[in-house]
> 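Sending over a structure as structure tokens; questions will come in a sec.
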Amino acid sequence: MASLVEIMDGVSGQLKASFEASRIAFEHRLTKGEAIEESVRAFLRRHLPDSIGVAHGQVIDRNGAMSRQLDVILYDATKTPILFSDEAEGNRIVPVEGVIAAVEVKTVLSPADIAPLAEGARILKSLDASSFYIPECSFISNVKLAYGREWDSLPPMYFIVAFEGPTLSTVAERMRGAQEHLPLHQRVDMVCVLNRGVVANARPDSGGIEAIPSPLSDLRAIETERSLLLFYLLMTRYVLQADRPPIAIQNYLPSGFAF
């Protein structure tokens, strides 16, 4: 029986082969990028439970504020109404309360990409995710600890996956400079560069590596040939715990709306 390591080694090889095929087959940069994005979405569809939807498009909140266009949106498929779906292009508009994570996909990540991506993460994570059905009186309180505080529902996570890129130390340095002024929960959480490794969050007191930052953590460049496996294990630790309360979608109606 194949082990998880062997399975992910094979999947990583498939992703890299898809990348090479797209690079050879498509001359137009946009078409090539779309093919690479779809290969990452296909990987996530195959290796995450059916309860987690995989889409691309934009995220919206109850006030009408929207994220930038996102290559991958992971959302709670059992509780999230889709507000708009373009069947031809596959784009969706997803309410932020249902969003578990976003993944931005780059064919080649450059140092200059880091600041705009960090801003995209900030915009997504600043959306008002408060439109839930929360019981006023309950004997059981289900809270989650992340980013150094407790949450009724985890804020969206934000990851970057690139097929090629600069040294991981360069990525970590640019990330620090682009988001050191931001609160932990509004930052890019983790970066995977398939041909190099992963930039994740390390706690100096325990030496542990996490997908998301905490008050004591710092970014660490982890060089490994099994970057996809490490990214998958770190990501799913939080993605699979991100259960969403029921969404009160009526709160998306404009103030004063009447039928």
> Tell me, do I60 and V94 make a side-chain contact under 4.5 Å, heavy atoms counted?
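Side-chain contact under 4.5 Å: no.
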
> After noting the C-alpha distance and the side-chain angles of D86 and R92, does the key distance pass the side-chain contact (heavy atoms from CB on, under 4.5 Å) rule?
CA-CA 6 Å; D86 180 350; R92 292 185 172 185; over 6 Å; no

> For the pair E119 and R122, find out whether any cationic side-chain nitrogen is under 4.0 Å from an anionic carboxylate oxygen.
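Salt bridge flag = yes for R122 with E119.
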
> So which pairs with a foot in residues 247-259 pass salt bridge (charged side-chain N to carboxylate O under 4.0 Å, His left out), sequence neighbours left out?
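Not a single pair qualifies under salt bridge (charged side-chain N to carboxylate O under 4.0 Å, His left out).
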
> Judged by modelled atom types alone, do Y147 and D189 share a side-chain donor-acceptor pair under 3.5 Å?
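A pair is found: one side chain offers a donor N or O, the other an acceptor, under 3.5 Å apart.
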
> Any side-chain heavy-atom pair from L109 and L117 closer than 4.5 angstrom?
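Yes, side chains in contact.
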
> Would you call D152 and R244 a salt bridge, using N to O less than 4.0 angstrom?
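Salt bridge absent between D152 and R244.
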
> Is there a path of hydrophobic side-chain contacts, each under 4.5 Å between heavy atoms, that joins L154 and I123?
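Hydrophobic grouping puts L154 apart from I123.
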
> Any side-chain heavy-atom pair from V108 and F163 closer than 4.5 angstrom?
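Not touching, per the 4.5 Å side-chain cut-off.
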
> Would you give the length of the straight line joining atom CG of L184 to atom NZ of K125, rounded to the nearest 0.5 angstrom?
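Separation between the atoms: 9.5 Å.
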
> State whether the side chain of W151 and the backbone N or O of L145 hold a donor-acceptor pair below 3.5 Å, judged by distance alone.
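Side chain of W151 to backbone of L145: no pair is present.
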
> Would you confirm whether D71, through its side chain, and V105, through its main-chain N or O, come within 3.5 Å as a donor-acceptor pair?
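Checked: pair present.
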
> So do the side chains of M175 and E180 get within less than 4.5 Å of each other, counting heavy atoms only?
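Answer no - side chains too far apart.
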
> Does N201 use its side chain to pair, donor to acceptor, with the backbone of D218 at less than 3.5 Å?
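Absent.
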
> Between L124 and Y158, is any pair of side-chain heavy atoms under 4.5 Å apart?
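A side-chain contact exists here, since the closest heavy-atom pair is under 4.5 Å.
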
> Has the side chain of T236 got a donor or acceptor atom that lies under 3.5 Å from a matching backbone atom of V239?
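No.
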
> Decide, yes or no, whether a salt bridge links D243 with K144 under the criterion of side-chain N to carboxylate O below 4.0 Å.
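No salt bridge links D243 with K144.
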
> Compare all side-chain heavy atoms of E223 with those of R196 and state whether any distance is below 4.5 angstrom.
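No; the side chains remain at least 4.5 Å from each other.
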
> Can you list the steps and then say if V40 with L44 is a side-chain contact (heavy atoms from CB on, under 4.5 Å)?
CA-CA 6 Å; V40 174; L44 293 169; 4.2 Å; yes

> Hey, is the main chain of D76 close enough, under 3.5 Å, to the side chain of T80 for a donor-acceptor pair?
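At least one qualifying donor-acceptor pair exists.
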
> Rounded to the nearest 0.5 Å, how far does CZ of R237 lie from CD1 of I212?
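So the CD1 of I212 and the CZ of R237 are separated by 9.0 Å.
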
> Scan T224, I222, V199 and name whichever one has a side chain to side chain contact (heavy atoms under 4.5 Å, CB included) with L168.
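Looking at T224, I222, V199, the match for L168 under the side chain to side chain contact (heavy atoms under 4.5 Å, CB included) is V199.
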
> Should we count CD of E150 as having more than 12 external heavy atoms under 6.0 Å?
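It does not: E150 CD has 12 such atoms or fewer within range.
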
> Can you sort out the partners of Q58 under side chain to side chain contact (heavy atoms under 4.5 Å, CB included), two or more places apart, ordered by chain and number?
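If we apply the side chain to side chain contact (heavy atoms under 4.5 Å, CB included) test to Q58, skipping adjacent residues, the hits are M66, S67, Q69.
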
> Mind checking side chain to side chain contact (heavy atoms under 4.5 Å, CB included) for P49 and listing every partner two or more places apart, or none if nothing turns up?
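Testing P49 for side chain to side chain contact (heavy atoms under 4.5 Å, CB included), a comparison that skips the adjacent residues, returns S51, I52, L240.
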
> Any side-chain heavy atom of Y252 within less than 4.5 Å of one from E97?
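In short, these two side chains touch, coming nearer than 4.5 Å.
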
